[in-house]
Amino acid sequence: MLSGAEQFETAIEAVPVDIGKGKTYSVEVKKGTDANGNLIGWAFVCEGSGFADKIKLGLGVDAAFETMAGFGVLASNETPGFGDKINIKDGFYQSQFKGSPVTELELTKIGDAEQIDSQIVAISGATVTSEAVVKIFNTFLLPIKEALQEQNLLQ
């Protein structure tokens, strides 16, 4: 997720993120650095409800917390052949997030999946799963960015 990062250390132990219905999720934010100690980016785990069960994702963002570096699926029980396509590393769905802006993402059923922007094209036949991933990122990205800004950790 963070190419070039060789070391990870905790930057913030617990960022409380409101996940709705009066619940919060505590997020540990890691700082990824290269061999010389230069900041490469940030990584953290986020989760939310999918079609079949919880979806747990690892997400990386650049050092300025302006663009996503990518994500990996840590846990998912989505429908085989449809929703489980979120697991395909470098597949069309995951690729849409690499380089996309840290902003409110929007899911669309039609569009150009190769265009890197805030519009994410859904997986055909897995709209609920596609929507869940976008919702997870929309829930977690901005509160974590704000916490990093409050701690003066962003350059």
Side-chain angles (χ1 to χ4, degrees), residues 1-78 83-107 113-121 123 129-155:
M1 289 182 300
L2 283 177
S3 60
E6 294 185 20
Q7 295 178 276
F8 289 89
E9 64 181 58
T10 300
I12 303 178
E13 283 190 29
V15 176
V17 176
D18 179 2
I19 57 172
K21 298 182 183 174
K23 296 181 182 178
T24 58
Y25 186 90
S26 183
V27 180
E28 179 181 15
V29 181
K30 300 264 186 187
K31 173 172 75 170
T33 56
D34 65 15
N36 297 320
N38 298 312
L39 179 63
I40 300 296
W42 308 94
F44 53 91
V45 173
C46 47
E47 71 174 48
S49 296
F51 176 73
D53 200 359
K54 292 265 185 221
I55 298 173
K56 192 173 203 176
L57 306 169
L59 176 63
V61 296
D62 71 334
F65 217 99
E66 292 178 354
T67 59
M68 289 191 233
F71 77 91
V73 178
L74 303 175
S76 168
N77 290 316
E78 298 303 282
D84 69 349
K85 289 181 181 176
I86 64 170
N87 296 314
I88 302 171
K89 185 178 163 109
D90 298 324
F92 100 93
Y93 189 72
Q94 280 196 17
S95 294
Q96 295 179 78
F97 293 89
K98 289 181 184 172
S100 66
V102 173
T103 186
E104 188 80 15
L105 300 174
E106 176 188 350
L107 188 72
E114 292 183 20
Q115 171 109 13
I116 304 301
D117 56 18
S118 62
Q119 284 199 334
I120 305 298
V121 179
I123 298 168
T129 301
S130 301
E131 205 168 74
V133 172
V134 167
K135 183 178 179 188
I136 291 167
F137 292 148
N138 284 341
T139 299
F140 284 79
L141 282 167
L142 294 181
I144 292 171
K145 182 176 184 176
E146 288 170 5
L148 289 167
Q149 287 170 330
E150 287 171 7
Q151 302 262 339
N152 294 318
L153 295 172
L154 293 182
Q155 300 173 348

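- Side-chain contact between K54 and S49 is present, with at least one heavy-atom pair separated by less than 4.5 Å.
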**Asked** Can you list the steps and then say if L57 with F137 is a side-chain contact (heavy atoms from CB on, under 4.5 Å)?
**Response** CA-CA 9 Å; L57 306 169; F137 292 148; 3.8 Å; yes
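- Annotation: the span from I144 atom CD1 to F44 atom CZ amounts to 3.5 Å, rounded to 0.5 Å.
- The closest donor-acceptor contact from the side chain of Q96 to the backbone of I116 lies at 3.5 Å or more, if one exists at all.
- When side chains are defined from C-beta on, E66 does not count as touching V102, because their heavy atoms never get closer than 4.5 Å.
- In this structure, CG in N77 is found 12.5 Å from NZ in K56, a value given to the nearest 0.5 Å.
- Across every non-hydrogen atom of G50 and I55, the tightest pair is CA-CD1, 3.6 Å.
- Distance OG/S3 to CG/D34: 11.0 Å, rounded to 0.5 Å.
- F8 and A43 get closest at one heavy-atom pair: CE2-CB, 4.1 Å.
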**Candidate pair L148 and F65, rule side-chain contact (heavy atoms from CB on, under 4.5 Å), full reasoning** = CA-CA 9 Å; L148 289 167; F65 217 99; 3.5 Å; yes
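- At least one donor-acceptor pair closer than 3.5 Å links the side chain of D117 to the backbone N or O of Q119.
- Listed by chain and number, the residues in a side-chain hydrogen bond (donor to acceptor under 3.5 Å, both in side chains) with N87 amount to none (sequence neighbours excluded).
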Identify each donor-acceptor pair in which a side-chain atom of residues 10-25 lies under 3.5 Å from a protein atom, sequence neighbours left out, and give them as a table.
from: T10; atom 1: OG1; to: E28; atom 2: OE2; distance (Å): 2.5
from: T10; atom 1: OG1; to: K30; atom 2: NZ; distance (Å): 3.4
from: D18; atom 1: OD1; to: G20; atom 2: N; distance (Å): 2.8

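- Under the 4.5 Å side-chain criterion, counting only non-hydrogen atoms from C-beta, L74 is not in contact with E47.
- Closest heavy-atom contact between I136 and C46: CG2-SG, 3.6 Å.
- Between E6 and I40, the closest side-chain pair of non-hydrogen atoms is not below 4.5 Å.
- For A69 against L2, the heavy-atom pair with the smallest separation is CB-CD2, 3.8 Å.
- Of all heavy-atom pairs spanning Y93 and F97, the tightest one is O-CD1, 3.3 Å.
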**Asked** So L154 and K145, side-chain contact (heavy atoms from CB on, under 4.5 Å) or not? Walk me through it.
**Response** CA-CA 8 Å; L154 293 182; K145 182 176 184 176; 4.0 Å; yes
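- Taken to the nearest 0.5 Å, the CD atom of Q149 stands 9.0 Å off from the CG atom of L142.
- Although no hydrogens or angles enter the test, the distance criterion places a donor-acceptor pair under 3.5 Å between the side chain of W42 and the main chain of A63.
- Here the CD-CD1 distance, from E106 to I120, works out to 10.0 Å after rounding to the nearest 0.5 Å.
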**side-chain contact (heavy atoms from CB on, under 4.5 Å) between L105 and M68, intermediate numbers included** = CA-CA 11 Å; L105 300 174; M68 289 191 233; 3.4 Å; yes
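- Here the side chains of L39 and K31 are in contact, with some heavy-atom distance below 4.5 Å.
- Here the NZ atom belonging to K89 is positioned 10.0 Å from the OG atom belonging to S95, to the nearest 0.5 angstrom.
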